[in-house]
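The structure that follows is given in the form of structure tokens.
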2 protein chains.
Amino acid sequence: MSRAEPSRRGSRHGRAGIRDVAAAAGVSITTVSDALNGKGRLPDATRRHVREVADRLGYRPSAAARTLRTGKSGLIGLTVTTYGDEPFTFTEFAYFAEMARAATSAALARGYALVILPATSRHDVWSNVALDGTVVIDPSDHDPVVSDLVRQGIPVVSDGRPAGTLPVTAWVDNDHEAAVLGILDHLAAAGARRIGLLTGTSTDTYTRLSTHAYLHWCERIGQDPVYEKYPAHDPCAGAVAADRLLARPDRPDAVYGLFDPNGTDLLAAARRYGLRVPEDLLLVCCSESTVYATTEPPITTLSLKPRRIGTAVVQLLIDAIEGLDTGRPVEQVIPTELIVRTSSQRRPPRTTVSAPRGPAV
Amino acid sequence: MSRAEPSRRGSRHGRAGIRDVAAAAGVSITTVSDALNGKGRLPDATRRHVREVADRLGYRPSAAARTLRTGKSGLIGLTVTTYGDEPFTFTEFAYFAEMARAATSAALARGYALVILPATSRHDVWSNVALDGTVVIDPSDHDPVVSDLVRQGIPVVSDGRPAGTLPVTAWVDNDHEAAVLGILDHLAAAGARRIGLLTGTSTDTYTRLSTHAYLHWCERIGQDPVYEKYPAHDPCAGAVAADRLLARPDRPDAVYGLFDPNGTDLLAAARRYGLRVPEDLLLVCCSESTVYATTEPPITTLSLKPRRIGTAVVQLLIDAIEGLDTGRPVEQVIPTELIVRTSSQRRPPRTTVSAPRGPAV
DNA sequence: TCCTCTTGCAGAAACGTCTCTGTCAACAGT
DNA sequence: ACTGTTGACAGAGACGTTTCTGCAAGAGGA
């Protein structure tokens, strides 16, 4: 058989390849590639001509071939750690959505595309997509996905400081301890005498640091800790825990809930016990959701500033991918923001106040 | 230069390739490929040996190379149509999350991975990832992404029946008209005399069909339509529209809201006007969110059964990818479910009742 | 006129995998 | 002993790009 088989004329199975474009434009493959990618030394006339022919043929370069040749896919993954066996469960819809939006924009601005991948059984999914790097949200203690990626030499940046010795390339996080202390001070200033906490049973860093800060504050102030733990991934468990907390003999007169739905959970529980908010019970929870602006009463929330986190994470990751990691620090702390509403104030002025800020930008 | 350069010994830049595995195992590349993919005629001993060596070397086949060779990437895309210039905006967090979860599971079960892609400027993102097929949620009238994909011969299945002549491969949807009629009947049976509607300004099929069904019902019953439109992607606009609706001189005594946040919007507006729910105002909205189980009072919601839709969409898509499209119909209607709570009942029994079902499974 | 640049383009070698087509042994059947 | 047959493997293309190298032709300088 000679090299030029007669059978492979035109586009052999529907899609036009670079060869077809070259033939139709009467130039070589090299010229097409250069013209389309803005490389080489070509007169504008040729460039335009090739581009026009490519458009007419509906030519799209094969992502697989390009990736294979260049070693870069232009893709970065965004993972949400899973709690059960389900692909993903969001305790924080709004947080995730905001963070993902910001991350997508930031990636796009630097020429990358972001794909959201469930963190299920690792290889099955991950090995099918060529990733230049990955963002991991709240990696758990010894996350197999992360170690696997790192072992392959793929940069990994985490949202939330990694637990244990997880070898991530960089991380971005809030100063959770400072945020909790700020809230407790805020509640105390509003007149709270005994502040309770609604927290989680899981061992992730957010839960651990926040709980620790609470206990530390109690010790310093001299208040007995009053808290309930529950598995944060189970929405019903949150409602039950809120109820338990308010049913205690040492009922708190103010509560901070670490998770997004805690606001509504606590509000419902307060109603059941005939407690008025904020008169009998002060309430704050950590959430990005806007529903707390219209609840009865509106609830004070702590925002973790997901947009800033999403942007920062992507910048760090792309820097690492492109080998520019010398510029920025590999650890970045984003300040939180306390959005003060009726539920945490005995006298009802309505303003937005910034929380104590973390050490770095 | 001879073919075997001395310089390319071992893994040349960190990652082990199939060549390295072959060399380390003392077999040929063919044997490695066959052993790892369960093909060819190899004794179990060889197969095990190769697998063991591959594991030891941390070998992962290159997704790009595999895709290039086989023409299949094993990836299917999931798009959320964007409203503004932002990558994606969810009017329906919960719907999307549930749908995406179900779709991911279904895809995994059939050996595919699902990647969630923002529907921004099409090529920029889409051309970077090799997709075997795509799921599109609520494609707009003449969606450029969809036509682009179809022109490339990539199967596209849409969640929501396509508007206009959008050439999708298949679609899955609820019977929105039947659902709306069911709700209106439900409200009328609960004693509503004038039922209002909170609807959107956009032209997508869901909004259009639902609004049309409402107007049709009003005409049949002989009630003057009472509705407010607003841009569904703007959360603040929803609150304003809810307020406008209840401020009208011909104030409705029952309202159905087409979008997820309408429940809280309407509840807040009702409070402002001193209307008790359900005594003065009956409320239903379309939502998958569980927060409506704990609002004061709990709000009746219409569920579109996102899990069933996600599963069905993926099945249809994979059938099309694998050329099995003869089996299933290309149009599938999923029944909705009305979850009746306090807000739509003058007497407070609490049960879950199924809505009138669509024609097909 | 000869030599060097520059311009405009073409050839061909990778990238890492799958798979079709051998090849070579052993062995059975006649 | 000669021919099939089968098992166990190896060789050698593709797949569709990018990109390094190379070549011809014209421009400019000596």
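All chains are named by letter (A, B, ...) in the order of the sequence lines, taking the proteins before the strands, and each is independently numbered beginning at 1.
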*Measure the distance from CG on A/L36 to P on D/dG16 and round it to the nearest whole Å.*
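After rounding, the gap between these two atoms is 16 Å.
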*asked:* Heavy atoms from C-beta onward define the side chain here; which of C/dT17, C/dA14, D/dC15 lies closest to that of A/R69?
replied: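 My answer, after comparing the listed nucleotides, is C/dA14.
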*Might you point out which heavy atoms bring B/A130 and A/A63 nearest each other, and give the distance in Å?*
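The pair with the smallest heavy-atom distance is N-CB, 4.0 Å.
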_Atom pair OG1 (A/T169) and CG (A/L316), whose distance is rounded to the nearest 0.5 Å_ =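 The distance works out to 9.5 Å.
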_Length of the line joining B/N37:CG and C/dC20:P, which is rounded to integer Å_ =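 In whole Å, C/dC20 P lies 13 Å from B/N37 CG.
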*For the atom pair CD1 (A/I29) and CG (A/D34), what is the distance rounded to the nearest 0.5 Å?*
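It comes to 12.0 Å.
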*asked:* Any side-chain N or O of A/R41 below 4.0 angstrom from OP1/OP2 of C/dT6?
replied: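 Negative; the distance criterion is not met.
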*Atom pair distance, as rounded to whole Å: NZ in B/K72 and C1' in C/dT17*: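 So the NZ-C1' distance, B/K72 to C/dT17, works out to 17 Å.
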*Check the distance between C/dC15's P and B/R15's CZ and give it to me in whole angstrom.*
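Spelled out: CZ on B/R15 to P on C/dC15 is 14 Å.
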*Rounded to the nearest 0.5 Å, how far does CD1 of A/I18 lie from OG of A/S28?*
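Going from OG on A/S28 over to CD1 on A/I18, the span is 9.0 Å.
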*In terms of side-chain heavy atoms of A/I29, which of C/dG16, D/dG16, D/dT18 is nearest?*
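So the nucleotide nearest the side chain must be D/dT18.
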*Position toward the 5' end of DNA chain D (nearest nucleotide), B/S28 or B/L68*: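 Residue closer to the 5' terminus by nearest nucleotide: B/S28.
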_Taking any heavy-atom pair under 4.0 Å as a contact, classify A/S33: base, sugar-phosphate, or nothing._
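Counting heavy atoms under 4.0 Å across all strands, the contact made by A/S33 includes a base.
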_Distance check needed: D/dT18 P versus B/N128 CG, whole Å only._
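Rounding to the nearest Å, CG of B/N128 and P of D/dT18 are 11 Å apart.
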*Whole-Å gap separating P (C/dT17) and CG (B/D20)*: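 These atoms are roughly 9 Å apart.
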*asked:* Side-chain N or O of A/K39 versus OP1/OP2 of D/dT18: is the shortest distance under 4.0 Å?
replied: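 Answer no for this pair, as no side-chain N or O of A/K39 is under 4.0 Å from OP1 or OP2.
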*asked:* In this structure, how many angstroms lie between the P atom of D/dA10 and the CG atom of B/D34, rounded?
replied: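 The distance from CG of B/D34 to P of D/dA10 comes to 10 Å, rounded to the nearest Å.
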*Run through B/L131, B/T79, B/T134 and flag the one making a side chain to side chain contact (heavy atoms under 4.5 Å, CB included) with B/V115.*
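Passing option: B/L131.
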*Picking from D/dA8, C/dA12, C/dT17, which would you name as closest to the side chain of A/T30?*
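Of the options given, the side chain of A/T30 lies nearest C/dA12.
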*Could you give the CZ-to-C1' distance, from A/R66 to D/dT19, as a whole number of Å?*
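So the CZ-C1' distance, A/R66 to D/dT19, works out to 13 Å.
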*At under 4.0 Å, does any side-chain N or O of B/T46 touch on OP1 or OP2 of D/dA8?*
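Looking at the OP1 and OP2 atoms of D/dA8, neither is under 4.0 Å from any side-chain N or O of B/T46.
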*Report which part of the nucleic acid B/T67 touches: base, sugar-phosphate, or nothing (heavy-atom distance under 4.0 Å, all strands).*
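Nothing: the residue B/T67, judged by heavy atoms under 4.0 Å, touches no strand.
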*5′-ward residue of the pair A/V27/B/T31 relative to DNA chain C*: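 Whichever sits nearer the 5' end wins; that is A/V27.
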*Measure the NE2-CG distance between A/H49 and A/D44 for me, rounded to the nearest 0.5 Å.*
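Here the interatomic distance stands at 14.5 Å.
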_D/dG16, OP1 or OP2 - any side-chain N/O from A/S62 closer than 4.0 Å?_
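For A/S62, the contact criterion (side-chain N or O under 4.0 Å from OP1 or OP2 of D/dG16) is not met.
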_Check: D/dT19 base within 3.5 Å donor-acceptor of A/T70 side chain_ =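 Result: no qualifying N/O pair found.
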*Tell me whether the OP1 or OP2 atom of C/dG16 has a side-chain N or O from B/R19 closer than 4.0 Å.*
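It does, given that an N or O in the side chain of B/R19 lies less than 4.0 Å from OP1 or OP2 of C/dG16.
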